[in-house]
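Some notes on the structure that comes next.
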Number of protein chains: 2
Amino acid sequence: MRAALVERAAEMLARREPVTLRALVEGAGASTMAVYTHFGGMPGLWSAVRQEGFTRLTARLATVPATDDPVRDLAALGAAYVANALAVPALYRAMFDTAADLEDPAAAAAPFAALVACAARAREGGRFAADSDPEAVATRLWAAGHGLTMLVLTGVLPAESLEGHAPAVAAALFVAAGDDPERAHRSVRAGWATGTPSR
Amino acid sequence: MRAALVERAAEMLARREPVTLRALVEGAGASTMAVYTHFGGMPGLWSAVRQEGFTRLTARLATVPATDDPVRDLAALGAAYVANALAVPALYRAMFDTAADLEDPAAAAAPFAALVACAARAREGGRFAADSDPEAVATRLWAAGHGLTMLVLTGVLPAESLEGHAPAVAAALFVAAGDDPERAHRSVRAGWATGTPSR
DNA sequence: GGCTATACATAACACCGTCATGCAAAACGG
DNA sequence: CCGTTTTGCATGACGGTGTTATGTATAGCC
């Protein structure tokens with residue numbers, strides 16, 4: 001029942017239906033108490049839904065293959081991250097509604113950890129400066145991608161601006177981390193195409 | 001009455017109280033219908049509140065003086081932008097809840113226009129490349145700042161990360177736009193201190 | 001087989017946004 | 001200056017929301 005409720009909530013989010021307690025349990029053939037026995041209330045349900053969002057994101061990022069070009073891989077991870085957000089926009093927004101009360105905070109940190117590991121590889125491989133901070137690079141890439149994504153999801157920026165700006169910002173950050181500008185742009189172009197689905 | 005209601009809603013947001021219709025009108029000595037005559041309902045009230053948020057942001061950015069170093073001014077604008085968001089976090093989040101139904105979209109675009117104008121000055125002054133796109137630079141700076149700010153406001157990142165990452169990202173973007181790395185960092189450092197209030 | 005504990009249904013509760021109705025005061029036209 | 005209209009707001013009710021006290025049936029255990 002637990003999993004069915006979370007899944008149905010995610011479906012309702014994807015279908016842009018308002019996720020209300022009664023509408024949720026009705027379609028699941030349950031009653032309102034099911035949510036309270038399993039999640040302790042709607043906030044608990046939302047925590048589980050956000051957790052599910054991070055789980056799906058982690059799974060999607062895991063499909064990005066690691067090549068011998070870590071900078072390209074960073075761009076590919078960024079593209080996959082953005083693609084996931086665009087695929088399930090309401091779920092993505094719910095994920096970042098608040099950072100509190102996540103059931104498994106470690107699982108939520110997995111996507112970020114993947115970025116950090118990739119940035120560390122770029123440093124060890126000599127692409128980034130020896131004194132560059134992989135965690136800082138990952139944080140900046142993540143924050144920039146998140147901001148761009150959020151502005152698109154809320155309708156402030158048109159969807160096309162993601163294609164145009166995200167790779168440029170990523171390349172700028174990689175150059176700042178020590179990569180050669182020309183190489184950075186090549187790697188980002190290749191990586192972005194890898195992480196972006198079916199075009 | 002109109003202005004009083006909007007102001008009170010902003011106060012409640014600042015005080016982290018839930019902005020509910022009845023709690024809103026009670027403190028204002030009005031009845032629920034006041035909101036309906038003036039705003040047509042709660043969504044209309046929220047539109048007005050978001051408009052107020054953009055108005056305050058524009059006013060705050062206007063206090064940033066223009067110097068003969070446009071790159072420094074860009075950083076100062078960014079710092080002021082972030083400072084405003086941290087000063088009224090709930091209002092900032094409400095501003096970007098959705099982009100629809102703003103009463104005066106032009107006023108909401110004013111902060112962005114200030115960034116674009118500054119980036120254009122940097123290009124004319126030779127700091128940015130002659131073929132750089134001021135609107136693109138402004139968009140990328142804005143998106144990165146927005147993402148960093150949102151992650152901090154939602155509690156995903158600690159507040160200190162703003163100080164650490166925002167200037168670094170800004171400098172990276174300016175260098176990508178054509179500025180000299182050393183000069184960019186100097187200007188950003190100076191500008192960030194200018195736009196950050198009282199320290 | 002009896003006992004306990006867990007999972008769920010029922011139904012009521014307080015609160016939310018909304019709106020039909022009514023009324024008083026301001027604005028207006030003669 | 002008085003009657004009419006319009007505007008601004010109070011009252012009260014309605015449906016929908018999350019929550020929870022109460023009852024019940026099913027499963028697991030000794």
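Chain identifiers are assigned alphabetically (A, B, ...) following the order of the sequence lines, protein sequences preceding nucleic acid strands; residue numbering begins at 1 within each chain.
When rounded to the nearest whole Å, the span between CH2 of A/Trp46 and P of D/dT17 equals 13 Å. For the pair A/Phe39 CZ and D/dT20 P, the computed distance is 16 Å after rounding to whole Å. B/Leu24 has its CG atom 16 Å from the C1' atom of D/dA10, to the nearest Å. What separates CG of B/Leu21 from P of D/dG16 is a distance of 18 Å, to the nearest Å.
Defined by atom type and a distance below 3.5 Å, a donor-acceptor pair is present between the side-chain atoms of A/Arg72 and A/Thr194. In this model, a donor atom of one side chain and an acceptor atom of the other lie less than 3.5 Å apart for A/Ser187 and A/Arg127. There is no side-chain donor-acceptor pair under 3.5 Å between B/Arg2 and B/His38.
A sub-4.0 Å separation between OP1 or OP2 of D/dT7 and a side-chain N or O of B/His38 is absent. Within the 4.0 Å cut-off from OP1 or OP2 of D/dT19, not a single side-chain nitrogen or oxygen of A/Thr32 is found. Note on B/Tyr36: every side-chain N or O is 4.0 Å or more away from OP1 and OP2 of D/dC9.
The backbone N or O of A/Ala59 lies less than 3.5 Å from no partner atom in the side chain of A/Thr63, so there is not a single donor-acceptor pair. Listed for the A/Arg123 side chain is no donor-acceptor partner under 3.5 Å among the backbone atoms of A/Pro134. Of the possible donor and acceptor atoms, one in the side chain of A/Asp73 sits under 3.5 Å from a partner among the backbone N and O of A/Thr67.
Within the 4.0 angstrom heavy-atom criterion, no nucleotide atom of any strand lies near A/Gly40. Within the nucleic acid shown, B/Pro43 comes within 4.0 Å of sugar-phosphate atoms alone, with no base atom in reach, counting heavy atoms only. When heavy atoms are screened at a 4.0 angstrom cut-off, B/Ser31 is found touching base atoms of the nucleic acid. Counting any heavy atom pair closer than 4.0 Å across all strands shown, B/Thr37 reaches a base atom.
In terms of position on DNA chain C, the residue among A/Gly29 and B/Val19 whose nearest nucleotide sits closer to the 5' end is A/Gly29. Each of A/Arg22 and A/Met33 was matched to the nucleotide of DNA chain D holding its nearest heavy atom; the match closer to the 5' end belongs to A/Arg22.
Of all nucleotides in DNA chain C having an atom under 4.0 Å from a heavy atom of chain B, the first and last in 5' to 3' order are C/dC16 to C/dA20.
Relative ring orientation between B/Phe54 and B/Phe96 is described as perpendicular, the plane-to-plane angle rising above 60° on a 0-90° scale split at 30° and 60°.
In terms of heavy-atom proximity, A/Met42 sits nearest to A/Val19 at CE-O, 3.8 Å.
For the helix from C/dG1-D/dC30 to C/dG30-D/dC1, the end axes, each set by the C1' atoms of five terminal pairs, are bent relative to each other by 10° (nearest 10°).
Under the 6.0 Å cut-off for aromatic ring centres, A/Tyr92 and A/Tyr81 qualify, their centroids lying closer than that.
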